[in-house]
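First comes the structure, then the notes that go with it.
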Amino acid sequence: MFVSIILAAGEGSRMKSNIPKCAHKVCGKALINHVVDSAVNAGVEKNIVVLGHKADIVEAEIKLKDKVSIVNQPVDEGAPYGTGYAVKQGEDEFSDLDTVVVLCGDTPLIRSNTIKELMKFHQENDYDITVLTSEFEDPTGYGRILRDDTDKVIGIVEQKDANEEQKSIKEVNSGIYCFKGNVLKDILGKLDNNNAQGEYYITDGVGIVNGMNGKVGGYKITDNGEIQGINSKVQLAEAESVMRNRINNELMLKGAIIIDPQTTYIAEDVEIGRDTIIYPGVVLEGETIIGENCKIGQNSMIVNSNISDCVEIMNSTIVDSSVDENSKIGPYAYLRPKSNIGKDVKIGDFVEIKNAKIGNNTKASHHAYIGDAEVGNNVNIGCGTVFVNYDGSKKEKVIVGDNVFIGCNSNLVSPVKINSHSYIAAGSTITTEVKENSLAIARARQVDKEDWVIKKGIRK
Ligand code: UD1
Ligand code: CA
């Protein structure tokens, strides 16, 4: 069986953050989830996540809870520390015959295919331990790979323990390895902390296996972007940029048009249909799905939402909502959670919608608030209309039937029902049910005082 041990207990002190490192996000997704997803997609059957510092915060971020078992590394003052000690916490979770791949929660760019190839290389060559490596022009901070004259991997030396000659080595340890289960158990029994940091290093496993005359493999990949570790917020931004390019390129290869990929921020799980155009400054997060032939205008932000085909969104924010075919949103509209917009709808500038279903062909072209509502088809919602959904203690619903015309600057005070084919006169405050086919006027009648200006003697 393939088992992974994912290390995520470290404090991440170089991050200078109150958030534990593996809960930080790259392209809208927590580091820990990038790694768990890659392991699961590589075909790893059991994933052991080692948590410690602020474990509850990292655990709360984990999405695939059913694919993960958590073990806890003690992190009190003075407790042993290091990647080797972290792996040891998972010792009882795998057996001698398993193939164990160790991954770091702070190395989120690793592709599932690379993990798969690593496991294959490891098994086909019958190695006891295989280290995933790559080369960096500037390898500062990484452990260096030591090879002998025959190119065999003989050890890994940490930056802090390395001499000048070793520091000039460009091939680095990714922090990702494959082990035979029984060999890993042996190694874990033999680690010590005699090094510059006083930590238990899993990297010492290479030297230990060589000492036992075991077989060590080095699996070197050319794309070093995949193994970029994150230890600081500078590296967090670098990883964001690598991941952003990767996501945008994949979406463009599948048919989306991204005008300026450098300024377009799309999360990994977002889907975009063919010939949909994404303008600069757009942010797409969470589980957002966008159909074909849409236009997503500059600076729009869409989170966890479903956008059907041929929709136009201009400079708007949409959260936890849906928009059906051919509708136009914005500029400057705000769809808050649970706004479900029908087909051929127009939601114009400065319209805010929350927890409301809007029927097909309905228009709210400018300046309106529609909260906690069910609005039918072919409704016209005039400028300045407010759905008054909150009386100071509770929120109630406004129901509007089909083919209703709501004049400008109306207040619809909930709970209230406006039946189909009715008209609301501009400026009305509606508090009771409006019958089908009727006109409701709820405002003071206009009074004209003739010659009032002259009688007052104030005419200029
Ligand atoms: C580690 C490797 C280094 C490699 C680099 C790649 C060791 C000794 N060094 O260094 O050779 O080039 O990764 O990125 O392994 N962790 C725990 N518990 C601990 C300590 C760490 O779970 O007690 C976790 C951290 O949360 C992190 C991962 O292990 O996700 C790596 O730890 P980190 O301290 O970042 O190791 P590096 O110094 O980067
Ligand atoms: Ca690291």
Side-chain angles (χ1 to χ4, degrees), residues 4-15 17 19-24 30-36 48-55 57-59 61 70-76 78-90 102-110 129 131-136 138-146 153 155-162 166-167 169-177 187-188 191-208 218 221 224-236 238-239:
S4 79
I5 302 181
I6 300 171
L7 311 184
E11 191 179 358
S13 53
R14 290 166 280 181
M15 292 294 278
S17 174
I19 302 166
K21 180 158 70 178
C22 298
H24 277 275
L31 302 190
I32 187 68
N33 287 328
H34 281 285
V35 180
V36 169
I48 302 149
V49 175
V50 185
L51 297 180
H53 276 281
K54 301 193 176 165
I57 299 179
V58 184
E59 188 173 349
E61 286 292 342
I70 287 169
V71 296
N72 288 295
Q73 173 181 349
V75 285
D76 340 279
Y81 196 73
T83 49
Y85 189 66
V87 174
K88 196 170 169 52
Q89 310 310 307
V102 170
L103 298 159
C104 289
D106 69 347
T107 310
L109 299 167
I110 187 71
I129 170 174
V131 190
L132 180 74
T133 77
S134 194
E135 286 191 7
F136 280 103
D138 174 12
T140 310
Y142 290 92
R144 309 297 205 282
I145 301 294
L146 309 178
V153 176
I156 300 173
V157 59
E158 289 306 293
Q159 164 100 17
K160 285 187 180 148
D161 301 295
Q166 291 167 332
K167 277 184 192 157
I169 297 171
K170 291 193 161 54
E171 187 182 7
V172 307
N173 169 27
S174 64
I176 297 168
Y177 328 81
I187 292 170
L188 294 175
L191 294 178
D192 63 44
N193 62 352
N194 300 325
N195 51 54
Q197 304 188 85
E199 292 181 7
Y200 293 85
Y201 292 166
I202 191 60
T203 46
D204 287 349
V206 172
I208 292 171
I221 58 171
N224 62 19
E226 280 196 56
I227 66 158
Q228 250 171 266
I230 295 177
N231 298 313
S232 67
K233 284 175 176 154
V234 173
Q235 289 174 319
L236 185 69
E238 287 166 358

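We count ligands from 1, going down the list as the structure has it; atoms in each ligand are counted the same way.
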Problem - Contact with ligand 1 for N231, non-hydrogen, under 4.0 angstrom - result: yes

Exercise for the section: Just need the protein heavy atom nearest to atom 35 (O) of ligand 1, so name the residue and atom and give the distance. Expected result: D106 OD2, 3.0 Å

Completion exercise
Looking only at protein heavy atoms, what sits closest to atom 13 (O) of ligand 1 is G175 CA, 4.4 Å

Practice task
Before signing off on this row, confirm whether G10 and ligand 1 have an N or O atom pair separated by under 3.5 Å.
Solution key: yes

Completion exercise
If you compare R144, Q73, E158 by their heavy atoms, the one closest to atom 3 (C) of ligand 1 turns out to be E158

Handout entry: Close N or O approach (T83, ligand 1; < 3.5 Å)
Key = yes

Practice task
Return yes when at least one protein heavy atom is under 4.0 Å from atom 1 (C) of ligand 1, and no when none is.
Solution key: no

Handout entry: Atoms (protein N, O or S; no water) under 3.0 Å from the Ca ion (ligand 2)
Key = 2

Practice task
Give the residue, atom name and distance (to 0.1 Å) of the protein heavy atom nearest atom 22 (O) of ligand 1.
Solution key: A9 N, 2.8 Å

Handout entry: Proximity flag Y81 to ligand 1, non-hydrogen atoms under 4.0 Å
Key = yes

Exercise for the section: Give the residue, atom name and distance (to 0.1 Å) of the protein heavy atom nearest atom 14 (O) of ligand 1. Expected result: S174 O, 3.8 Å

Problem - Any side-chain heavy-atom pair of V35 and T107 under 4.5 Å - result: no

Practice task
Among all protein heavy atoms, pick the one closest to atom 29 (O) of ligand 1 and tell me residue, atom and distance.
Solution key: L7 CB, 3.4 Å

Exercise for the section: Answer with yes or no whether V50 contacts ligand 1, where contact means a heavy atom under 4.0 Å from a ligand atom. Expected result: no

Exercise for the section: Report the part of K21 (side chain from C-beta onward, or backbone N, CA, C, O) that has a heavy atom under 4.0 Å from ligand 1; answer both or neither where that applies. Expected result: side chain

Practice task
Begin from the C-alpha positions of E226 and I110 and carry the test side-chain contact (heavy atoms from CB on, under 4.5 Å) through to its verdict.
Solution key: CA-CA 5 Å; E226 280 196 56; I110 187 71; 3.7 Å; yes

Handout entry: Test item: V157 and I169 side chains (from C-beta on) under 4.5 Å apart, heavy atoms
Key = no

Exercise for the section: Report yes or no: does R14 have a heavy atom closer than 4.0 Å to ligand 1? Expected result: yes

Problem - Check: C104 N/O within less than 3.5 Å of ligand 1 N/O - result: no

Handout entry: Within-shell test, G82 vs ligand 1, heavy atom, strictly < 4.0 Å
Key = yes

Completion exercise
The answer for which part of A8 has a heavy atom under 4.0 Å from ligand 1 is backbone

Handout entry: Protein heavy atom at shortest distance from atom 5 (C) of ligand 1
Key = N173 O, 4.0 Å

Practice task
Determine whether Y142 and E171 make a side-chain contact, defined as any pair of heavy atoms from C-beta on separated by less than 4.5 Å.
Solution key: no

Problem - N/O separation below 3.5 Å, G141 to ligand 1 - result: no

Completion exercise
Rounding to 0.5 Å, atoms CD (Q166) and CD (Q159) come to a distance of 11.0 Å

